[in-house]
Amino acid sequence: VQLQASGGGLVQAGGSLRLSCAASGRTFSSYAMGWFRQAPGKEREFVAGISWSGISITYADSVKGRFTISRDNAKNTVYLQMNSLKPEDTAVYYCAAAAWEGSKPIRYDYWGQGTQVTVSS
């Protein structure tokens, strides 16, 4: 599976962005998908995850109520809608695919190239 993330950019605090992650390959629908982020000098952290069916969804506490993960298996795409953005959300955001849903980066086998999100105060 090859992943291509897009949709990042510069936004003011309180604003919104929608990230997309397009996957190649016919087996996208069999993978759990996750979004992670990494700020300068920090470790990569889990943001949100969704099961292959879309039924099971988990979020990091820091984004609950503000971010929404979703997927469209017909379009081989997973999304991350980010609302009420804060300066501390600034990071490079990565999408990833795994055989099973989880919050640990090591569980994910395939990674996109990352897209920069910058939130100004």
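As the structure is a prediction and not an experimental result, all values here were calculated from the model.
- L19 and F46 fall into different hydrophobic clusters, where Ile, Leu, Val, Met, Phe, Trp and Tyr are joined by side-chain heavy atoms under 4.5 Å apart, directly or via other members.
- Neither V47 nor W111 shares a network with the other; the hydrophobic side chains, linked directly or stepwise wherever heavy atoms of I, L, V, M, F, W or Y lie under 4.5 Å apart, form separate groups for each.
- Note: L80 CG to Y59 OH = 7.5 Å, rounded to the nearest 0.5 Å.
- For residues 35-83, there are no disulfide bond (SG atoms under 2.5 Å apart) pairs, not counting sequence neighbours.
- No continuous path of hydrophobic side-chain contacts links V1 to Y79 [ILVMFWY only; heavy atoms under 4.5 Å].
- S29 is linked by a side chain to side chain donor-acceptor pair (under 3.5 Å) to nothing, counting only residues two or more places apart in sequence or in another chain.
- Side-chain atoms of M82 and W35, non-hydrogen and from C-beta on, never get closer than 4.5 Å to each other.
- Residues passing the side chain to side chain donor-acceptor pair (under 3.5 Å) test with K64 are D61, sequence neighbours excluded.
- Placement of V117 and F36 in two distinct hydrophobic clusters is found when ILVMFWY residues are connected by side-chain heavy-atom separations under 4.5 Å, directly or transitively.
- Note that OG of S53 and CD of E101 are 9.0 Å apart. Values are rounded to the nearest 0.5 Å.
- Cluster partners of L10, using a side-chain heavy-atom cutoff of under 4.5 Å among ILVMFWY residues and allowing indirect links: none.
- With sequence neighbours excluded, no residue forms a side chain to side chain donor-acceptor pair (under 3.5 Å) with S121.
- The heavy-atom pair separating I55 from S51 by the smallest distance is N-OG, 3.3 Å.
- When the side-chain contact (heavy atoms from CB on, under 4.5 Å) test is applied to A22, the partners found at least two apart in sequence or on another chain are T77.
- Using a 4.5 Å cut-off between side-chain heavy atoms of Ile, Leu, Val, Met, Phe, Trp and Tyr, with links allowed through other members, F28 and W52 fall into different hydrophobic clusters.
- Checking side-chain atoms of Y108 against main-chain N and O of G102 turns up a donor-acceptor pair under 3.5 Å.
- The disulfide bond (SG atoms under 2.5 Å apart) pairs that include a residue from residues 87-121 are C21-C95, where partners are two or more places apart or lie in different chains.
- Q38 places no side-chain N or O within 3.5 Å of a backbone atom of A91 that could act as its donor or acceptor partner.
- To the nearest 0.5 Å, atom CZ of residue R18 and atom OG1 of residue T68 are 10.5 Å apart.
- For A97, the side-chain contact (heavy atoms from CB on, under 4.5 Å) partners at least two apart in sequence or on another chain are L3, Y31, M33, Y110.
- Each side-chain hydrogen bond (donor to acceptor under 3.5 Å, both in side chains) pair with one or both residues in residues 80-99, not counting sequence neighbours, appears once here: S16-N83, R37-D89, R37-Y93, R66-D89, Q81-N83.
- Residues in residues 49-92 take part in no disulfide bond (SG atoms under 2.5 Å apart) pair, two or more places apart or across chains.
- K104 pairs by the salt bridge (charged side-chain N to carboxylate O under 4.0 Å, His left out) definition with nothing, not counting sequence neighbours.
- Judged as a side chain to side chain donor-acceptor pair (under 3.5 Å), and not counting sequence neighbours, R107 has no contacts.
- T115 places no side-chain N or O within donor-acceptor distance of the main-chain N or O of A5, the cut-off being under 3.5 Å.
- By the 6.0 Å contact criterion, CD on Q113 is enclosed, its count of non-hydrogen atoms from other residues, nucleotides or ligands being greater than 12.
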